[in-house]
Visitor: 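First the structure, which I've put down as structure tokens, then a few questions once you've had a look.
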Amino acid sequence: MSIAETLEIWYNINSRKLPWRESVSAYHIWLSEIILQQTRVNQGLAYYNRFVERFPDIRALSAAPVDEVLRLWQGLGYYTRARNMHQTAQMIVNKYQGEFPVTYDALLKLKGIGPYTAAAIASIAFNEPVALVDGNVFRVISRLYGIDTPIDTPKGKVVFMQHAQDLLNTDNPGLHNQAMMELGALVCLPRNPRCTECPLVSHCKALKHNTISLLPRKSGKTSMRERFFHYLFINHNGFTYIKRRENKDIWKLLYEFPLIETDRETDFDQLRQTTFWKEFFAKTDERVEPQVQYFRHQLTHQTLHCRFYTIHTASEPALDKHPYLAVKIAEISRYAIPRVIDRFLGNLQHERLL
DNA sequence: TAAGCGTGGGG
DNA sequence: TCCCCAAGCTT
């Protein structure tokens, strides 16, 4: 029996039951694939269900304001995915009469759809014989064939893509692709893989050569940046102030409190000397609560040191130079906010309940 | 082309 | 606690 045949038999017995696997609609496949980019099934599942319920079809999604889409996406990370997904929905409704393109090449042209997602939709929804390569497939193939070419290089992408395409069962490409990923997700794990349960154990070069723990190989080299965020949580008669991040940085289009960013640890006195502070509080007297809440927030290539200063003011801060939005504190939940601000607000609520 | 983009879970 | 990793894409 071929590797592909063995794999499919295993998949038909062992695959997880997941909501998007109940559907063959390109919309559902697309939605799940965008959500699952760099995201575990367990983390994305609830988001998928919420999106399908709120936006049952692509027209509903295209008609929503981007702020609502981001609010629903809040907490999932990589927010560009939500913006691109929304734009693509509008493109498909306005230019393609609400119908997805049906080929890999055409799908690839849409925003937020790269080689992986185009192959996933084309093979699963439209039965096109294109292999896909994601993190799971890199792992399975590198071990199966004992390939130590680094996966995070242009050459690596070519090499692994070729092997994946050679291995593809063109009779049922969608099933085959999902089976490859499922094997990586359930059996061929990054650490402590379950080789005794693996249907391909007799074919596995890495197991034979005892190189499982060395594969897949990565070229490495990543740098870490430290940033210091000082958030001003204003309370003026139950109102606080927020603004949408518009620049090319993290959390684009998410809302946040007035922010003073520094490139090193900064104490409170230094903060009060900043131009922003002087301008912002020029017209009012600020009373800062003594306890400052600190959160260390870890991103992939940045460590954020976030301090939240709760500040009561007698009158409204100067909004002419700094166009912040006044919102009732109880109504912040209407806006999409970064996880670390959500954590801060959660702490507040928790303390008040105690 | 390499760097940047979030968050949560697990070892 | 720290580091790795996860159904990748964009610029």
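Note that these values count all heavy atoms, side chains included, but never hydrogens, waters or copies made by symmetry.
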Visitor: Looking across every strand, which nucleic acid part, if any, lies under 4.0 Å from A/R339 by heavy atom: base, sugar-phosphate, or nothing?
Guide: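 Sugar-phosphate contact only.
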Visitor: Report the C-alpha distance between A/W277 and A/Y309 in whole Å, list the side-chain angles of each, state the deciding distance to 0.1 Å, and finish with yes or no for ring-ring contact (aromatic ring centres under 6.0 Å, His included).
Guide: CA-CA 12 Å; A/W277 187 287; A/Y309 302 83; 7.1 Å; no
Visitor: By the 4.0 Å heavy-atom rule, please label A/R21 as base, sugar-phosphate, or nothing.
Guide: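 Result for A/R21 = base.
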Visitor: Just N and O in the side chain of A/W73: are any of them under 4.0 Å from OP1 or OP2 of B/dT7?
Guide: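 A/W73 to B/dT7 OP1/OP2: no side-chain N or O under 4.0 Å.
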Visitor: Are any of A/H297's side-chain N or O atoms less than 4.0 Å away from OP1 or OP2 of B/dG6?
Guide: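 No.
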Visitor: How is A/I250 classified with respect to the nucleic acid when contacts are heavy atoms under 4.0 Å: base, sugar-phosphate, or nothing?
Guide: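 Result for A/I250 = sugar-phosphate.
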Visitor: Can you see which heavy atom on A/A164 is nearest to which on A/V137, and at what distance?
Guide: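 Closest approach of A/A164 to A/V137, heavy atoms only: CB-CG1, 4.4 Å.
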Visitor: Reckon A/D249 touches a base, only the sugar-phosphate, or nothing at all at heavy-atom distances under 4.0 Å?
Guide: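 Sugar-phosphate: the residue A/D249, judged by heavy atoms under 4.0 Å, touches backbone atoms but no base.
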Visitor: Look at all strands and tell whether A/Q302 reaches a base, only sugar-phosphate, or nothing, counting heavy atoms closer than 4.0 Å.
Guide: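 If one applies the 4.0 Å heavy-atom cut-off, A/Q302 turns out to touch the sugar-phosphate alone, with no base involved.
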Visitor: Hey, which of these two, A/R191 or A/R227, hits DNA chain B nearer its 5' end, going by closest nucleotide?
Guide: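 Mapping each residue to its closest nucleotide by heavy atoms, the 5'-most match is A/R227.
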Visitor: Base of B/dG6, side chain of A/T300 - is there a donor-acceptor contact under 3.5 Å?
Guide: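 Pair found.
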Visitor: Can you tell me how the ring of A/F280 sits relative to the ring of A/Y324, calling it parallel under 30°, perpendicular over 60° and tilted otherwise?
Guide: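 Ring orientation of A/F280 relative to A/Y324: perpendicular.
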Visitor: NA contact type, A/G75, heavy-atom cut-off 4.0 Å: base, sugar-phosphate, or nothing?
Guide: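 Since only primed, P, OP1 and OP2 atoms lie under 4.0 Å of A/G75, the category is sugar-phosphate.
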Visitor: Using a 4.0 Å heavy-atom cut-off across all strands, classify A/S32 as base, sugar-phosphate, or nothing.
Guide: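 Nothing, no heavy atom under 4.0 Å.
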Visitor: So for A/Y116 and C/dG8, does any side-chain atom that can act as donor or acceptor lie under 3.5 Å from a complementary atom in the base?
Guide: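 It does not, because no donor-acceptor pair links the side chain of A/Y116 to the base of C/dG8 below 3.5 Å.
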Visitor: Does A/N84 reach a base, just sugar-phosphate, or nothing at all? Heavy atoms under 4.0 Å.
Guide: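 Sugar-phosphate contact only - A/N84 comes under 4.0 Å of backbone atoms but never of a base.
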Visitor: Counting any heavy atom closer than 4.0 Å, what does A/K252 reach on the DNA or RNA strands: base, sugar-phosphate only, or nothing?
Guide: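 The residue A/K252 makes no contact with any strand.
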Visitor: Without decimals, in angstroms, what is the distance between A/I151 CD1 and C/dC5 C1'?
Guide: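 Distance check: A/I151 CD1 to C/dC5 C1' gives 10 Å.
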Visitor: Take the angle between the ring planes of A/W251 and A/H297 and call it parallel below 30°, perpendicular above 60°, tilted in between.
Guide: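 The rings of A/W251 and A/H297 sit tilted, inter-plane angle from 30° to 60°.
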Visitor: Base, sugar-phosphate alone, or nothing: which one does A/I113 contact when heavy atoms must sit under 4.0 Å apart?
Guide: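 The residue A/I113 makes sugar-phosphate contact but no base contact.
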